[in-house]
Amino acid sequence: MALTLTPGTLIVASAYPDPPFDLIENGSASGFDIELMRAICAQHGLALQPVRYSGGDFNGIFDGLANRSYDAVISGTTITPERSAIALFSQPYLEFNQGVAVNRRSMPKVASLGSLRGLTAGIQSGNTSDFVARRLLAEGAIANIKYYPYHGIATALDDLEAGRIGLVIKLHPVISWLVKDRPSLSVAIEVPTHEKLGIAFAKQNEALCEAVNRVLATLRDSGEFAQLHARWFPRPASV
(Lines give C-alpha, C1' and ligand atoms only; values in the text may rest on other atoms or scores of the structure.)
Protein backbone atom coordinates (compact mmCIF):
# COMPACT_ATOMS: atom_id res chain seq x y z
CA MET A 1 0.00 0.00 0.00
CA ALA A 2 1.06 3.61 -0.48
CA LEU A 3 2.68 5.19 2.53
CA THR A 4 0.53 8.33 2.39
CA LEU A 5 -3.07 9.09 1.46
CA THR A 6 -1.97 11.62 -1.16
CA PRO A 7 1.15 10.71 -3.14
CA GLY A 8 4.03 13.05 -2.33
CA THR A 9 2.29 14.63 0.68
CA LEU A 10 2.17 13.80 4.38
CA ILE A 11 -1.04 15.10 5.99
CA VAL A 12 -0.48 15.63 9.71
CA ALA A 13 -3.06 16.69 12.29
CA SER A 14 -2.23 18.68 15.42
CA ALA A 15 -4.32 20.44 18.08
CA TYR A 16 -3.39 24.11 18.39
CA PRO A 17 -2.33 25.86 20.49
CA ASP A 18 0.01 23.43 22.22
CA PRO A 19 3.34 25.25 22.37
CA PRO A 20 6.19 24.55 22.11
CA PHE A 21 4.97 21.49 20.20
CA ASP A 22 2.40 23.10 17.92
CA LEU A 23 1.63 26.76 17.41
CA ILE A 24 0.78 29.28 14.72
CA GLU A 25 3.43 31.90 13.95
CA ASN A 26 2.64 34.59 11.38
CA GLY A 27 -0.19 32.50 10.05
CA SER A 28 1.90 29.36 9.55
CA ALA A 29 2.18 26.14 11.55
CA SER A 30 5.31 25.99 13.68
CA GLY A 31 6.69 24.39 16.84
CA PHE A 32 8.89 21.44 17.71
CA ASP A 33 6.48 18.80 16.40
CA ILE A 34 5.86 20.60 13.13
CA GLU A 35 9.57 21.13 12.48
CA LEU A 36 10.25 17.51 13.37
CA MET A 37 7.69 16.41 10.81
CA ARG A 38 9.22 18.75 8.22
CA ALA A 39 12.59 17.09 8.84
CA ILE A 40 10.99 13.65 8.49
CA CYS A 41 9.27 14.71 5.26
CA ALA A 42 12.57 16.02 3.88
CA GLN A 43 14.13 12.60 4.35
CA HIS A 44 11.31 10.99 2.35
CA GLY A 45 10.92 13.72 -0.29
CA LEU A 46 7.41 14.52 0.95
CA ALA A 47 5.60 17.83 1.32
CA LEU A 48 4.17 18.42 4.78
CA GLN A 49 0.50 19.42 4.95
CA PRO A 50 -0.40 20.41 8.54
CA VAL A 51 -4.10 20.34 9.43
CA ARG A 52 -5.73 21.72 12.55
CA TYR A 53 -7.86 19.55 14.81
CA SER A 54 -10.55 21.67 16.42
CA GLY A 55 -12.61 19.13 18.39
CA GLY A 56 -13.46 19.74 22.02
CA ASP A 57 -12.00 16.43 23.24
CA PHE A 58 -8.41 15.70 22.26
CA ASN A 59 -8.95 11.94 21.99
CA GLY A 60 -11.25 12.59 19.05
CA ILE A 61 -8.20 13.48 16.98
CA PHE A 62 -7.47 9.80 16.42
CA ASP A 63 -10.76 9.31 14.55
CA GLY A 64 -9.20 11.09 11.58
CA LEU A 65 -6.64 8.32 11.25
CA ALA A 66 -9.29 5.61 11.06
CA ASN A 67 -11.46 7.53 8.60
CA ARG A 68 -8.44 8.44 6.45
CA SER A 69 -8.66 12.21 6.89
CA TYR A 70 -4.92 12.44 7.59
CA ASP A 71 -1.81 10.27 7.69
CA ALA A 72 -0.49 11.03 11.15
CA VAL A 73 -1.12 12.82 14.43
CA ILE A 74 1.60 14.71 16.26
CA SER A 75 0.62 17.07 19.07
CA GLY A 76 2.74 16.46 22.14
CA THR A 77 0.81 13.19 22.27
CA THR A 78 1.32 10.84 25.21
CA ILE A 79 1.33 7.14 24.33
CA THR A 80 -1.30 5.44 26.50
CA PRO A 81 -2.83 1.94 26.43
CA GLU A 82 -6.21 3.42 25.47
CA ARG A 83 -4.76 5.34 22.55
CA SER A 84 -2.59 2.42 21.47
CA ALA A 85 -5.74 0.33 21.14
CA ILE A 86 -7.01 2.57 18.34
CA ALA A 87 -3.80 3.95 16.78
CA LEU A 88 -0.29 2.80 15.95
CA PHE A 89 2.50 4.79 17.61
CA SER A 90 6.07 5.50 16.62
CA GLN A 91 8.93 4.92 18.97
CA PRO A 92 8.79 7.56 21.75
CA TYR A 93 10.65 10.72 20.80
CA LEU A 94 10.43 12.71 24.07
CA GLU A 95 9.41 12.20 27.71
CA PHE A 96 7.89 14.78 30.06
CA ASN A 97 6.03 15.17 33.34
CA GLN A 98 2.86 17.12 34.14
CA GLY A 99 3.05 20.67 35.52
CA VAL A 100 0.69 22.43 37.92
CA ALA A 101 0.13 26.15 37.39
CA VAL A 102 -1.29 28.34 40.16
CA ASN A 103 -2.03 32.00 40.76
CA ARG A 104 0.99 33.29 42.69
CA ARG A 105 -0.82 36.43 43.80
CA SER A 106 -3.42 34.44 45.73
CA MET A 107 -1.20 31.43 46.53
CA PRO A 108 2.39 32.66 46.86
CA LYS A 109 3.69 29.71 48.87
CA VAL A 110 2.38 26.67 46.97
CA ALA A 111 5.21 24.16 46.60
CA SER A 112 3.61 20.73 46.95
CA LEU A 113 0.44 18.84 46.10
CA GLY A 114 -0.54 19.07 49.76
CA SER A 115 -1.04 22.81 49.28
CA LEU A 116 -3.89 22.31 46.81
CA ARG A 117 -6.56 21.11 49.23
CA GLY A 118 -9.95 22.69 48.61
CA LEU A 119 -9.08 23.93 45.12
CA THR A 120 -10.64 23.20 41.73
CA ALA A 121 -8.39 21.96 38.93
CA GLY A 122 -8.87 23.09 35.33
CA ILE A 123 -8.36 20.30 32.78
CA GLN A 124 -8.71 20.09 29.00
CA SER A 125 -11.04 17.35 27.84
CA GLY A 126 -9.13 14.32 26.58
CA ASN A 127 -5.81 15.48 28.06
CA THR A 128 -3.63 13.10 30.08
CA SER A 129 -3.54 15.68 32.86
CA ASP A 130 -6.98 14.30 33.70
CA PHE A 131 -5.32 11.16 35.10
CA VAL A 132 -3.41 13.31 37.58
CA ALA A 133 -6.46 15.40 38.47
CA ARG A 134 -8.66 12.37 39.08
CA ARG A 135 -6.02 10.81 41.32
CA LEU A 136 -5.71 14.03 43.32
CA LEU A 137 -9.49 14.22 43.63
CA ALA A 138 -9.71 10.62 44.83
CA GLU A 139 -7.00 11.32 47.42
CA GLY A 140 -8.79 14.44 48.63
CA ALA A 141 -5.89 16.65 47.55
CA ILE A 142 -8.22 18.84 45.45
CA ALA A 143 -11.93 19.57 45.78
CA ASN A 144 -13.19 19.44 42.19
CA ILE A 145 -12.32 19.25 38.49
CA LYS A 146 -13.62 21.68 35.87
CA TYR A 147 -13.35 20.46 32.28
CA TYR A 148 -12.71 22.77 29.35
CA PRO A 149 -12.88 22.01 25.61
CA TYR A 150 -9.42 21.07 24.41
CA HIS A 151 -9.13 24.35 22.50
CA GLY A 152 -10.24 26.25 25.63
CA ILE A 153 -6.90 26.35 27.45
CA ALA A 154 -6.82 30.15 27.28
CA THR A 155 -10.20 30.27 29.04
CA ALA A 156 -8.87 27.97 31.76
CA LEU A 157 -5.90 30.26 32.31
CA ASP A 158 -8.19 33.31 32.34
CA ASP A 159 -10.23 31.59 35.05
CA LEU A 160 -7.07 30.83 37.01
CA GLU A 161 -6.04 34.49 36.84
CA ALA A 162 -9.50 35.56 37.98
CA GLY A 163 -9.59 33.07 40.86
CA ARG A 164 -12.51 31.07 39.46
CA ILE A 165 -10.36 27.91 39.65
CA GLY A 166 -7.29 27.17 41.76
CA LEU A 167 -4.92 25.35 39.39
CA VAL A 168 -4.42 24.15 35.82
CA ILE A 169 -2.63 20.89 35.07
CA LYS A 170 -0.96 20.26 31.70
CA LEU A 171 2.21 18.74 30.28
CA HIS A 172 5.08 20.63 31.90
CA PRO A 173 6.70 22.28 28.86
CA VAL A 174 3.32 23.37 27.52
CA ILE A 175 1.97 24.93 30.69
CA SER A 176 5.36 26.58 31.28
CA TRP A 177 5.14 28.20 27.83
CA LEU A 178 1.50 29.24 28.24
CA VAL A 179 2.01 31.09 31.54
CA LYS A 180 5.24 32.90 30.66
CA ASP A 181 3.34 36.01 29.53
CA ARG A 182 0.89 35.91 32.44
CA PRO A 183 2.81 37.45 35.39
CA SER A 184 0.35 36.33 38.05
CA LEU A 185 0.65 32.66 37.03
CA SER A 186 3.52 30.23 37.44
CA VAL A 187 4.20 26.51 37.36
CA ALA A 188 4.62 25.65 41.03
CA ILE A 189 4.75 21.84 40.95
CA GLU A 190 6.03 19.17 38.58
CA VAL A 191 4.24 15.83 38.90
CA PRO A 192 6.47 12.89 37.85
CA THR A 193 4.30 11.10 35.28
CA HIS A 194 7.14 10.23 32.86
CA GLU A 195 4.90 10.42 29.79
CA LYS A 196 6.41 9.17 26.55
CA LEU A 197 5.36 11.10 23.45
CA GLY A 198 4.83 9.48 20.08
CA ILE A 199 3.56 10.07 16.54
CA ALA A 200 0.28 8.27 15.81
CA PHE A 201 -0.73 6.49 12.60
CA ALA A 202 -3.66 4.42 11.40
CA LYS A 203 -3.51 0.90 12.83
CA GLN A 204 -3.08 -0.65 9.39
CA ASN A 205 -0.28 1.70 8.26
CA GLU A 206 2.68 -0.14 9.73
CA ALA A 207 4.80 0.76 6.70
CA LEU A 208 4.55 4.50 7.37
CA CYS A 209 5.19 4.03 11.08
CA GLU A 210 8.30 1.97 10.40
CA ALA A 211 9.55 4.50 7.85
CA VAL A 212 9.15 7.32 10.37
CA ASN A 213 10.93 5.31 13.06
CA ARG A 214 13.91 4.88 10.75
CA VAL A 215 14.06 8.62 10.08
CA LEU A 216 13.80 9.42 13.80
CA ALA A 217 16.86 7.25 14.37
CA THR A 218 18.68 8.98 11.52
CA LEU A 219 17.86 12.44 12.88
CA ARG A 220 19.20 11.47 16.30
CA ASP A 221 22.40 10.04 14.84
CA SER A 222 23.01 13.15 12.73
CA GLY A 223 22.47 15.57 15.63
CA GLU A 224 19.56 17.29 13.87
CA PHE A 225 17.10 16.12 16.53
CA ALA A 226 19.28 17.59 19.29
CA GLN A 227 19.51 20.92 17.46
CA LEU A 228 15.75 21.04 17.05
CA HIS A 229 15.23 20.17 20.69
CA ALA A 230 17.63 22.89 21.86
CA ARG A 231 15.68 25.50 19.90
CA TRP A 232 12.27 24.74 21.38
CA PHE A 233 12.87 23.49 24.91
CA PRO A 234 14.58 25.60 27.59
CA ARG A 235 15.59 22.57 29.65
CA PRO A 236 16.66 19.00 28.95
CA ALA A 237 14.10 16.27 28.29
CA SER A 238 14.75 12.56 28.48
CA VAL A 239 13.86 10.04 25.79
Q. Tell me, do Leu208 and Leu10 make a side-chain contact under 4.5 Å, heavy atoms counted?
A. yes
Q: Determine, using the 4.5 Å side-chain heavy-atom cutoff (strictly less than), whether Val73 and Leu216 are members of one ILVMFWY cluster.
A: no
Q. Which pair of non-hydrogen atoms, one from Ala200 and one from Ala87, has the smallest distance, and what is that distance?
A. CB-CB, 4.2 Å
Q | Side-chain (Arg220) to main-chain (Tyr93) donor-acceptor, under 3.5 angstrom | A | yes
Q: List the steps, then state whether side-chain contact (heavy atoms from CB on, under 4.5 Å) holds for Asn205 with Thr4.
A: CA-CA 9 Å; Asn205 203 347; Thr4 62; over 6 Å; no
(Q) Given 3.5 Å as the limit, does a donor-acceptor pair link the side chain of Thr6 with the main chain of Thr9, or not? (A) no
Q: Calculate, to the nearest 0.5 Å, the distance between atoms CD and CZ belonging to Glu139 and Arg117 respectively.
A: 9.5 Å
**Q.** Between Thr128 and Gln98: side-chain donor-acceptor atoms closer than 3.5 Å
**A.** yes
**Q.** Minimum side-chain heavy-atom gap Leu36-Leu228 below 4.5 Å
**A.** yes
Q: May I ask you to check whether Ser28 and Asn26 show a side-chain donor-acceptor distance below 3.5 Å?
A: no
Q | Residues Leu171, Glu195; criterion side-chain contact (heavy atoms from CB on, under 4.5 Å); working and verdict | A | CA-CA 9 Å; Leu171 204 65; Glu195 298 177 40; 3.9 Å; yes
Q: Look up atom CZ in Arg104 and atom OG in Ser184, then write down how far apart they are to the nearest 0.5 Å.
A: 11.5 Å
Q: Step by step, work out the side-chain contact (heavy atoms from CB on, under 4.5 Å) result for Ile79 and Ser84.
A: CA-CA 7 Å; Ile79 303 169; Ser84 295; 3.6 Å; yes
Q | Closest heavy-atom pair and its distance - Arg105, Pro183 | A | NH2-CB, 4.4 Å
(Q) I'd like to know if the side chain of Asp71 reaches the main chain of Leu5, judged simply by a donor and an acceptor atom lying under 3.5 Å from each other, with no hydrogens or angles considered. (A) yes
Q. Closest approach of Ser30 and Glu25, non-hydrogen atoms and distance?
A. OG-OE1, 3.2 Å
Q. Side chains of Asn59 and Tyr150: is there a donor and an acceptor less than 3.5 Å apart?
A. no
Q. Is the side chain of Arg38 donor-acceptor paired with the backbone N or O of Leu48 at a distance under 3.5 Å, no angle test?
A. no
Q) Could you state the interatomic distance from NE2 (His194) to CD (Glu95), rounded to the nearest 0.5 Å? A) 6.5 Å
Q. Given side chains that start at C-beta, do those of Thr120 and Ile142 come closer than 4.5 Å, heavy atoms only?
A. no
Q) Should Ile74 and Tyr53 be regarded as members of a common hydrophobic cluster, given that ILVMFWY residues are connected when their side-chain heavy atoms come within less than 4.5 Å of each other, either directly or indirectly? A) no
Q) In Å and rounded to the nearest 0.5 Å, what is the CD to CG distance from Glu210 to Leu3? A) 10.0 Å
Q | Gap separating the CZ atom of Phe233 from the OG atom of Ser176, nearest 0.5 angstrom | A | 11.0 Å
Q: Please confirm whether the backbone N or O of Lys170 pairs with a side-chain atom of Ser129, one donor and one acceptor, at under 3.5 Å?
A: no
Q | Straight-line distance of Arg135 CZ to Asp130 CG, nearest 0.5 Å | A | 12.0 Å
Q: Check whether Val51 and Ile34 end up in the same hydrophobic cluster, where Ile, Leu, Val, Met, Phe, Trp and Tyr are linked by side-chain heavy atoms less than 4.5 Å apart.
A: no
(Q) Could you go through Phe96 and Leu94, starting from their C-alpha distance and side-chain angles, then the distance that decides it, and tell me whether this counts as side-chain contact (heavy atoms from CB on, under 4.5 Å)? (A) CA-CA 7 Å; Phe96 284 109; Leu94 287 174; 3.8 Å; yes
For residues 154-166, please give each side-chain donor-acceptor pair under 3.5 Å, one per line with the distance, not counting sequence neighbours.
| unit_1 | atom_1 | unit_2 | atom_2 | d |
| --- | --- | --- | --- | --- |
| Asp158 | OD1 | Arg182 | NH1 | 2.9 |
| Asp158 | OD1 | Arg182 | NH2 | 3.2 |
| Asp159 | OD1 | Arg164 | NE | 2.7 |
| Asp159 | OD1 | Arg164 | NH2 | 2.9 |
| Asp159 | OD2 | Lys146 | NZ | 3.3 |
| Asp159 | OD2 | Tyr148 | OH | 2.6 |
| Glu161 | OE1 | Arg182 | NH1 | 2.9 |

Q. So do the side chains of Lys203 and Ile86 get within less than 4.5 Å of each other, counting heavy atoms only?
A. no
Q.
Holding to side-chain contact (heavy atoms from CB on, under 4.5 Å), I want the full list of residues that pass it with Ser75, two or more places apart in sequence or in another chain.
A. Ser14, Ala15, Asp18, Asp22, Phe58, Thr77
Q | Aromatic ring proximity, centroids under 6.0 angstrom, Phe21 and Tyr16 | A | no
(Q) With a 4.5 Å cut-off on side-chain heavy-atom distances among I, L, V, M, F, W and Y, is there a chain of contacts connecting Val212 to Phe89? (A) no
**Q.** Minimum side-chain heavy-atom gap Pro17-Trp177 below 4.5 Å
**A.** no
Q. Sub-3.5 Å donor-acceptor pair from the side chain of Lys196 to the main-chain atoms of Gln91, do we have one?
A. no
Q: Check whether Val179 and Val110 end up in the same hydrophobic cluster, where Ile, Leu, Val, Met, Phe, Trp and Tyr are linked by side-chain heavy atoms less than 4.5 Å apart.
A: no
Q.
With a 3.5 Å distance limit and no angle check, can you tell me whether Ser186 reaches the backbone of Ala188 through a side-chain donor-acceptor pair?
A. no
(Q) Quick check: do Leu185 and Lys180 have side-chain heavy atoms less than 4.5 Å from each other? (A) no
Q.
Donor-acceptor check, side chain of Asp33 to backbone of Gly76, threshold 3.5 angstrom: yes or no?
A. yes
Q: List the steps and the verdict of ring-ring contact (aromatic ring centres under 6.0 Å, His included) for Phe32 and Phe225.
A: CA-CA 10 Å; Phe32 178 87; Phe225 186 95; 5.6 Å; yes
(Q) With a 4.5 Å cut-off on side-chain heavy atoms, are Trp232 and Glu35 touching? (A) yes
Q) Is there a side-chain contact between Leu136 and Arg134 (heavy atoms, below 4.5 Å)? A) no
(Q) Testing Val168, Leu167, Ile153, Ile145 one by one against Ile123 for a side-chain contact (heavy atoms from CB on, under 4.5 Å), which residue passes? (A) Ile145
